[in-house]
Each structure stands twice: as structure tokens, then as C-alpha cells.
Amino acid sequence: MTDHAITADGLTKRFGDELAVEDLSLSIPRETVYGFLGPNGAGKTTTMRMLVALTEPTAGTADVAGVSIANRPRLTRRIGYLPADPPLFDELTAWEQLRHVARIHGISDGQADTRIETLLDRFNLLADADRRIESYSTGMRKKVGIIAALFHDPDVVFLDEPTSGLDPRAARTVRDTIADLVTREMTVFLSTHVLSIVDELADTVGVINDGALVAEGPPAELKARADESPDLETVFLEVTAERDGTTRDGPQTDAGGPETEGTRTDV
Ligand SMILES: Nc1ncnc2c1ncn2[C@@H]1O[C@H](COP(=O)(O)OP(=O)(O)OP(=O)(O)O)[C@@H](O)[C@H]1O
Ligand SMILES: [Mg+2]
């Protein structure tokens, strides 16, 4: 138990008739990177929202960083979360926003400022730190969200598509940061459509399709299973192909719907 950062047993989420996540079980060792893949609408964000206790499961249980999600451990210092669209205060500057994050975690302004400066510099945002977030580009907002998720040095961090909207240099910084987090004893749960990130960083890959985990294992092991050629794209296309062409029940609210054939591999 203690050697696992995340365990889930039978995690299920239903939205009306829609089964977004179905009987998901996970067992993720500490200080590893778990790469979570799946087509648009597969259930990645819903899974992460359950694991950070923002969405209540319809059934099932999970423990994250030693705490049961049933106890709704909001704002626990042990968990960090980067939502796909990080909620930021438009009227604040990045510096003010991060001080706010620090205060939520009980970190004084004095202590926070050194860390804010280091992190903003790392993400090449220092020159813009005193501008209001409303004037930021998508990628700049994302960077502030990433810094906010990591600010309090959590044990387990959930990153929902951390590189979407980032330019190549910023994406590189995020990759390097993730690699560095594990050396600092963090566990990273990462959803992405960029297969090369998972290939490079993940100790274990999980592929979710239509709410169900359809493949799981180290990248090399999954690649070896592919029929066509030994790469993650082939694996992804094969294990998510089964339900292609079938119509899902319920409304499709995501921008990426059936027209992407559920197999888009980068965004
Ligand atoms: N609040 C909600 N109410 C109703 N249905 C929802 C809600 N949130 C998610 N869903 C549905 O649950 C399913 C899974 O959505 P989810 O956002 O978890 O997918 P995802 O794997 O993160 O997709 P993407 O790659 O597009 O981000 C989708 O069919 C979606 O429409
Ligand atoms: Mg999502």
C-alpha cells in the first residue's frame, strides 16, 4: 500500500446514461510516471477529476498519496492538479496568482517569492510576471497552471494534457520538468495525446477507450505487442480500434467527436 502512490478499485463514473469511466482499477508505484492515453472522450479527464476528488465516483474507491478519495481531501498538500484548462484569475498578474496559490497552501509571501521567481524564470515567464493574466496567450496561461500545480511540491501530481498549446521550447521544459519531478520523489499521472512524451517519460502506459482500460504496461512491453510495427501509435490505434465506427450513447460534448474517429494522436 505505502509503495503505491495511486490505487483505484472499480472506479466508475456515470453521467446520466453515459458511462464515462467503467470499472477502472489502477496500481501505480510511487516515484513513477504513469502515461494515460485514450481517444477524445475516452474518460481521461473524468478519471483524473475523480482521483483528485473533484468529481465523486458513481462506484469504486481510490487512494491517492495515502488518502482515500472518499474523504474528499480538497486542497491536500500532497496532491497537485493541472486541469486541461487551468482556472486562473484574469485580473491578477502571474506573480499575484502564484502568491495566491502559495497562500492557499500556507506558504508565506516571503518564502513564496523566491520560488515564484525560480519557476517563472524556468518557464520563461519572468518578463511577463507583472502583466495581468487576461493578456496572456494560451501557452502562457498553461505555464502558470503548471507552476501552480507544482508549487507546493506535492507527492502526486496529475497533469491533464500539460503540453497542449505550448510551443516546442516550452513543451521541452515541461518534459524536462516531469523527468526531474520523479528524481525529487514525486509521482506523476499524465494524460496526453502526444505519444512521444509517454514514450520518453512513462514507466507505465495505460490506454483508456470508451471508459475502459484496454491496455496497460511499460511502453516497451506494449510496443512489443503491436501487430503492425513496434511503436506506440500502432499500439494506440490497435487497442482503440475495437469500438471505432460504433455510435456512443449520449451526447458528444467534446470538440473531438466521431469525426476524429477517436484515433487522433496529437493535438
Ligand atoms: N460533466 C459532464 N456531464 C456529462 N457528461 C460528461 C461530463 N464530463 C464528461 N462527460 C462525458 O464523459 C466522457 C468522457 O469525457 P472526458 O472528458 O473524461 O474524456 P477525455 O478522455 O478527457 O477526452 P479528451 O481527450 O477530449 O480530453 C465523454 O463522453 C464526455 O462527454
Ligand atoms: Mg480530457
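For this chain, numbers begin at 1 and follow the sequence in order. Counting starts at 1 for both ligands and their atoms, in listed order.
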Please list, in number order, the atoms of ligand 1 under 4.0 Å from a heavy atom of Glu161. 25 (O), 27 (O)

Enumerated ligand 1 atoms positioned under 4.0 Å from heavy atoms of Ala20: 12 (O), 13 (C)

Heavy-atom nearest neighbour of atom 16 (P) of ligand 1 within options Val21, Leu37, Thr46: Thr46

Would you call [X] and [Y] a salt bridge, using N to O less than 4.0 angstrom?
X	Y	answer
Arg103	Asp109	yes
Arg99	Asp113	yes
Asp90	Arg141	yes
Arg132	Glu91	no

For residues 118-143, which residue pairs qualify under ring pair (Phe, Tyr, Trp, His ring centres under 6.0 Å), counting only residues two or more places apart or in two chains? none

Solution key, residues 213-223 side-chain donor-acceptor pairs under 3.5 Å, sequence neighbours excluded:
| residue | atom | partner | partner atom | Å |
| --- | --- | --- | --- | --- |
| Glu216 | OE2 | Tyr34 | OH | 2.6 |
| Lys223 | NZ | Asp199 | OD1 | 2.8 |
| Lys223 | NZ | Asp199 | OD2 | 3.3 |

Test of understanding: given a 4.0 Å heavy-atom threshold, classify the contact between Lys13 and ligand 1 as side chain, backbone, both, or neither. neither

Test of understanding: given a 4.0 Å heavy-atom threshold, classify the contact between Ser191 and ligand 1 as side chain, backbone, both, or neither. neither

Any Ala84 heavy atom less than 4.0 Å to ligand 1: no

Which atom pair, heavy atoms only, marks the closest approach of Pro162 to Ser191? CD-O, 3.4 Å

Neighbour count above 12 (heavy atom, 6.0 Å) for Arg184 CZ: yes

Please check if atom CD in Glu134 has more than 12 non-hydrogen atoms from other residues, nucleotides or ligands closer than 6.0 Å. yes

Check ring-ring contact (aromatic ring centres under 6.0 Å, His included) between Phe15 and all other residues, then give those that pass, not counting sequence neighbours. none

What's within reach of the Mg ion (ligand 2), meaning protein N/O/S atoms under 2.8 Å? Thr45 OG1

Decide whether an N or O pair under 3.5 Å exists between [X] and ligand 1.
X	result
Gly41	yes
Lys44	yes
Gly43	yes

